[in-house]
Q: 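Have a look at this one before I ask anything.
All values below come from the heavy atoms of this structure, side chains included, with hydrogens, waters and symmetry mates left out.
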Amino acid sequence: MKERVWITDPAVPDEARAAFPDVHPVALRLLWNRGVRTQAEMDVFLGPDWSRDAHSPSMFRNMQAAVERVFAALEAGERITVHGDYDADGVCGTTVLMSTLCDICRSLGGQGPQADKAFRENPAGLRASTAFQLSSYIPHREKEGYGLSVATMEKLAAEGTKLVITVDCGISNKDAIDRGRELGVDTIVCDHHAVPDALPDAAILLHPQVPGETYPNKTLCGTGVAFKLASALIHEASKRGASFAEGYEKWLLDLVAIATVTDVMPLMGENRVLETYGLKVLNKTRRVGIQKLLEAAGNKGGELDTVTIGFQIGPRLNAAGRMEHARGAVELLLEEDPTRAAELAMRLNEVNADRQKASEAMYQEAKRLVGDPGDTKCVIVSSAGWSPGLVGLVAGKLVNDFCRPVYAVGKDGERYVGSGRSFGGFDVTAALHACKEHLDRFGGHPQACGFSVSGEERFAFLVESLHKHADAHIKPDDLRPILRVDADLDLEDVDWALLEAVQKLEPFGEKNPRPLFASRATVVAFDTVGADGKHLRLSARGKGGRIAKFIGFRFGEWVKRLKPGQALDVAFELGVNEWKGNRELQLRIVDLKA
């Protein structure tokens, strides 16, 4: 990777510092540069309040219509199928709606659907009671691809489904939804992906970004939209005599917290509220599947945060859809028996280990195929046999290596399935829109996308078109690897008061990253730690004489370049090292410049 250019965010204007004299000056700078600039905005950001800051589901313009259609189906004994995506967002959203519908069925007098052998073996994930017909369906990533297909709609209709509720998909599936209408199947779409030119107007749309939508939060994940529907359904069920305690829907927020992080949604505004409360629920989750998944991942307890989601929970839920079938993850999250949940969690853990090995092998092959990308504005790499479930992971790693957008594509006969990842603000899904005449299917977000195309000639045209689009929209300066530094500090200012101020900005994530600081220091001592000396341990002195301790994971090679007394610029994150009951500030190195 190229040497990163450090860009430090601007200081707070004098008038703003004077307006907030009681706010830690570094915290004020962090807030200011995240767009939090009024007292009201600071109150929401630093102290999210559910009753004040979470939006009512009724603010979706079509929410009432969706609720009425669901209860009409329940009253008529119609079969409802929740159709989710195969990633963690789709899995969590499917679980939100399935568990909510099951609880409503139980509360309104139906026999609660239970996990049994038939459910585990049924690809459609059928859960049915004597009075209510509920099922879930997750497509197979490789065999069926993303979204709701015409073939799936025909299959569900043949099995008796009268209402389909999509989660994290559907907005781009007009053909399938129109076919469902012809077959007597209604559809409710809970989605948040890029809005296509032709909307599925035969469906009830719950999507924060469709034209004319009144819901204020435009950055909900798919599970977030499903949660709003679930909340409205619980409210309606209570009006009809169901015995739900006030605030019952908040127990679903553990799933919303997981999906918001795994789908890289900005942790600002209402999303910050959902994540804050979701982490509280996650830390006392009643969901046996999550408990067993954490145990399988080796989590020894303690505070679960966005890092836990990003590195322990999310990858294991995603691994199911990448390597086998995502219904295994849905089954785990719905499971109520601890023994069975432990078995399912161990299986996901094994699948995740297999995913790591397979994706690493693909990544190494991709690096060899790309070689030196030269002056190309984007990288497009393909190979026969690459798993469609892993190409996105490969693309993400290559972005870090080559500092430009990457599309990684697997070839299976005449069919190509790929995934793109963004760099420098380039919209990879908009690029696909510009080349859509060469594509069979596509969808995604500005930062990540998926697509498929049939035929070698069409794929060649797609590659040419994507390169032309990148050439037209990416400038050379856009490809510089940039490290955003929140503030330059003297080491004397790095203290426990700063740590406390930083911790008030949690939870960290997209649009609210963990703060990054930079200091000029003088090297005092250094050595390597860890297996094969991969990590750097550094002591350095600030301008005022204070010595700080740094740890640099995978910075072990720097011992060959350092010497005592040397001036060094250090970019670091602030944390705590706890050892045998002792606590001390620890500065984790992110980058170094001699």
Q: May I ask you to say whether R272 pairs ionically with D53, meaning some side-chain N is under 4.0 Å from a carboxylate O?
A: no
Q: Restricting to side-chain contact (heavy atoms from CB on, under 4.5 Å), what partner residues turn up for A448, sequence neighbours left out?
A: R421
Q: Could you tell me the separation between the SG atom of C92 and the CG atom of D254, rounded to the nearest 0.5 Å?
A: 8.0 Å
Q: S452 versus Y416: any side-chain heavy-atom pair under 4.5 Å?
A: no
Q: Look at the side chain of E78 and the backbone N and O of L163, then say whether any donor-acceptor pair between them is shorter than 3.5 Å.
A: no
Q: Just by modelled atom types, is the A157 backbone N or O under 3.5 Å from a matching donor or acceptor in the K155 side chain?
A: no
Q: Within the distance-only criterion (no hydrogens, no angle test), does the side chain of T376 pair as donor or acceptor with the backbone N or O of V379 below 3.5 angstrom?
A: no
Q: Once side-chain contact (heavy atoms from CB on, under 4.5 Å) is applied, do any residues pair with S58, and if so which ones, sequence neighbours excluded?
A: S56
Q: If you count every heavy atom of other residues, nucleotides or ligands that lies below 6.0 Å from D412 atom CG, does the total exceed 12?
A: no
Q: So H192 and I171, do their side chains get closer than 4.5 Å, heavy atoms only?
A: no
Q: So does E159 get a backbone contact from the side chain of R79, meaning a donor-acceptor N/O pair under 3.5 Å?
A: yes
Q: Looking only at non-hydrogen atoms, find the nearest pair between V394 and S359 and report the distance.
A: CG2-O, 4.0 Å
Q: Would you indicate whether the side-chain heavy atoms of T429 and Q447 approach each other to under 4.5 Å?
A: no
Q: Is any side-chain heavy atom of R322 less than 4.5 Å from a side-chain heavy atom of L393?
A: yes
Q: Between Y277 (side chain only) and W50 (backbone N and O only), is there a donor and an acceptor less than 3.5 Å apart?
A: yes
Q: Quick one: CG on D89 to CG on L317, what's the gap to the nearest 0.5 Å?
A: 11.0 Å
Q: Can you tell me which residue among I177, I165, I204, V225 is in a side-chain contact (heavy atoms from CB on, under 4.5 Å) with V189?
A: I177
Q: Between K239 and E236, does any NZ, NE, NH1 or NH2 come within less than 4.0 Å of an OD or OE carboxylate oxygen?
A: yes
Q: Using atom types as modelled and distance alone, determine if a side-chain donor or acceptor of S107 lies under 3.5 Å from a backbone N or O of D103.
A: no
Q: Parallel, tilted or perpendicular: which describes the rings of F60 and Y215, with under 30° parallel and over 60° perpendicular?
A: parallel
Q: Just so I know, are the side chains of L74 and C105 near enough to count as touching, which here means a heavy-atom distance under 4.5 Å?
A: yes
Q: Out of E144, H83, R327, which one pairs with Y137 under the side-chain hydrogen bond (donor to acceptor under 3.5 Å, both in side chains) rule?
A: E144
Q: Using the ring of Y146 (Phe, Tyr or Trp, six-membered ring only), decide whether R441 places NZ or CZ under 6.0 Å from its centre and within 45 degrees of its axis.
A: no
Q: Report yes if some heavy atom in the side chain of S382 is under 4.5 Å from a heavy atom in the side chain of K411; otherwise report no.
A: no
Q: Flag the pair R240 and E75 as a salt bridge only when some basic side-chain nitrogen lies within less than 4.0 angstrom of an acidic carboxylate oxygen.
A: yes
Q: Is K511 reaching over with its side chain to a backbone N or O of M268, donor-acceptor style, under 3.5 angstrom?
A: no
Q: When the aromatic ring centroids of F442 and H433 are compared, is their separation below 6.0 Å?
A: yes
Q: For a quick test of reading the model, state the closest non-hydrogen atom pair linking C221 to D263 and the distance between them.
A: CB-CB, 4.4 Å
Q: For H467, which residues count as a ring pair (Phe, Tyr, Trp, His ring centres under 6.0 Å) partner, sequence neighbours excluded?
A: none
Q: Just to verify, which of T152, V185, V150 counts as forming a side-chain contact (heavy atoms from CB on, under 4.5 Å) with R179?
A: V150
Q: So, are D186 and K162 salt-bridged, with charged N and O less than 4.0 Å apart?
A: no
Q: Can you find a pair of side-chain heavy atoms, one from D85 and one from T94, that are under 4.5 Å apart?
A: no
Q: Donor-acceptor pair, S383 side chain versus W386 backbone, under 3.5 Å?
A: no
Q: Report yes or no: does N349 contribute a side-chain atom to a donor-acceptor pair with the main-chain N or O of A296 at less than 3.5 Å?
A: yes
Q: For the CG atom of N271 and the OG1 atom of T219, what is their distance to the nearest 0.5 Å?
A: 4.0 Å
Q: Is R287 close to E335 at the side-chain level, that is, under 4.5 Å between some pair of heavy atoms?
A: no
Q: Do the side chain of N173 and the main chain of G147 share a donor and acceptor less than 3.5 angstrom apart?
A: no
Q: Is the H473-F426 ring centre distance short of 6.0 angstrom?
A: no
